[in-house]
Structures are given as structure tokens and as C-alpha cells.
Novice: 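Next up is a structure, given as C-alpha cells.
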Amino acid sequence: MYNRLQSARQQWGGSLTAIDNWLEERQQLIVCYCKLAALPPFDKQNAGQQLPEQQHILHFCQLLMDYLSAGHFEVYDQIVSQCATNGAHSKALAEALCPKIAASTDLALEFNDKFADEAANQTLSSFDADLSRLGQALEERFGLEDELIQTLFLKHTQGVSA
């Protein structure tokens, strides 16, 4: 996930403020995810034996909701409208990718509903499996989002119809 983010920043950093801000939010989300999952460099000696504290889960869920909101209400609209004005192929790509991205949104919302509140403590037995499933969905989502950004970037910087 992090390598993909670094690549995205190198390719598109500085092209649009909305994308820069969104990639910054993605970085915060990935770092928080790695801490919750106890992935390197945040792995703990007791990883797998102890669940994260509720405040850390809540912080992750807040970052997740912020990231999803920024994507849906700021970045996607801008990308799709740019793709629509830059050719039928770009518009078709945007229309094909958005429903696939929405599937990970549903999974993320379910995760948030299940774990973001103190009353969710009784559901923590499935936390590791749910977090892993969410991580896989986010990885796929980031790839789809990057494909959308790439389409916008090519249009924005080169003005070529694709």
C-alpha cells in the first residue's frame, strides 16, 4: 500500500491540490492501518495476542471516513467531470471504475459501524479478520483510484484524448 502511495505522489504530486490533499489523507490512513494491524515497522512483540485500544480503532475509523468522504465528495466528482470533458474513453473508464470503488466503500462503512463505537467491544473477536479484509479492499481501491487519477493527470497535463 505504501509503495503505491509513494509512486502516486511521484507521478501526480503537485498537479492538483485536491489530489495532493487526498494522497496525504491516504498516507495517514495507511500508517494508522499498519499500526492497528501491527505491521512493520509498527509490529509489537505481542502482535496477534492483544487487540488495539478502542481509541486507536476509533482514530482509524475517523481517518477512514474522512478519506472516503474526500474521495466521494471532492476528488471523484472532479475526476469524473474532467474525464467526461476529455473523451468518451475516459468517461467510460470513470463510469466503469466508480462502482468497483463503491464496493470497498460499503465494506469500509460496515467496518466503521462494527468497530467505531465503544459498544462494539463484544465484536472484537472478529477484528483481525475484518481488518485484514478491509486492508485487501483498500489495496484494490487504491489501485482503482490511481487509475482514475492517471486518466485525469494525462488529460490535465497533456490534453490528449484517450
Side-chain angles (χ1 to χ4, degrees), residues 1-37 39 52 57-117 120 123-124 126-162:
M1 278 193 270
Y2 191 75
N3 290 336
R4 182 186 301 269
L5 173 67
Q6 292 304 91
S7 175
R9 280 194 159 149
Q10 288 173 357
Q11 283 186 295
W12 309 304
S15 61
L16 290 171
T17 303
I19 291 175
D20 288 343
N21 293 339
W22 195 40
L23 291 175
E24 177 62 32
E25 287 182 19
R26 185 189 290 184
Q27 178 176 342
Q28 292 173 15
L29 180 63
I30 291 169
V31 168
C32 193
Y33 175 87
C34 290
K35 286 180 181 179
L36 276 185
L39 296 173
I57 296 170
L58 179 58
H59 178 67
F60 172 74
C61 288
Q62 289 170 335
L63 289 173
L64 181 61
M65 294 300 104
D66 289 347
Y67 182 81
L68 297 177
S69 295
H72 282 286
F73 300 114
E74 295 172 33
V75 180
Y76 296 162
D77 288 342
Q78 187 173 1
I79 291 172
V80 170
S81 69
Q82 284 290 331
C83 288
T85 61
N86 288 313
H89 174 71
S90 295
K91 183 180 179 186
L93 175 67
E95 289 173 351
L97 293 180
C98 285
K100 292 178 183 177
I101 292 170
S104 65
T105 299
D106 293 342
L107 185 64
L109 291 173
E110 288 173 20
F111 183 91
N112 182 70
D113 290 348
K114 191 171 183 180
F115 296 109
D117 132 16
T123 63
L124 289 178
S126 67
F127 180 79
D128 287 338
D130 289 341
L131 184 64
S132 177
R133 197 168 26 260
L134 177 62
Q136 291 170 350
L138 288 174
E139 178 69 23
E140 181 178 326
R141 177 191 192 97
F142 297 156
L144 295 169
E145 291 172 345
D146 290 350
E147 199 171 336
L148 278 176
I149 295 170
Q150 177 68 22
T151 299
L152 173 61
F153 181 75
L154 289 173
K155 301 299 181 184
H156 181 72
T157 60
Q158 298 172 357
V160 177
S161 260

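Residue numbers count from 1 along this sequence. The figures here come from the full heavy-atom set of this structure, side chains too, leaving out hydrogens, waters and symmetry mates.
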Novice: Is the closest side-chain heavy-atom distance between E140 and L144 below 4.5 Å?
Specialist: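 Yes, close enough: below the 4.5 Å cut-off.
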Novice: When rounded to the nearest 0.5 angstrom, what is the spacing between OG in S126 and CZ in R133?
Specialist: 7.5 Å
Novice: Could you pull out the closest heavy-atom pair between W22 and A70, with the gap in Å?
Specialist: CD1-CB, 3.8 Å
Novice: To the nearest 0.5 angstrom, please state how far the SG atom of C61 sits from the CG atom of L109.
Specialist: 10.5 Å
Novice: Can you see which heavy atom on R26 is nearest to which on F142, and at what distance?
Specialist: NE-CD2, 3.5 Å
Novice: Do any N or O atoms from the side chain of S69 and from the backbone of M65 form a donor-acceptor pair under 3.5 angstrom?
Specialist: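 Yes, because the side chain of S69 sits within donor-acceptor range (under 3.5 Å) of the backbone of M65.
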Novice: Measuring only between side-chain heavy atoms, which start at C-beta, is H59 closer than 4.5 Å to L63?
Specialist: yes
Novice: Is there a side-chain contact between L138 and L64 (heavy atoms, below 4.5 Å)?
Specialist: yes
Novice: Looking only at heavy atoms, what is the nearest atom pair of L107 and A137, with distance?
Specialist: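 Smallest interatomic distance, heavy atoms only, reads CD2-CB, 3.4 Å.
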Novice: Determine, for E145 against R141, whether the closest basic-nitrogen to carboxylate-oxygen distance falls under 4.0 angstrom.
Specialist: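 Between R141 and E145 there is a salt bridge, with a charged N closer than 4.0 Å to a carboxylate O.
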Novice: Could you check if a side-chain atom of N112 sits within less than 4.5 angstrom of a side-chain atom of L68, using non-hydrogen atoms only?
Specialist: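 No, their side chains stay 4.5 Å or more apart.
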Novice: Just to verify, what does L131 make a side chain to side chain contact (heavy atoms under 4.5 Å, CB included) with, not counting sequence neighbours?
Specialist: Y33, L36, A37, F60, F111, F127
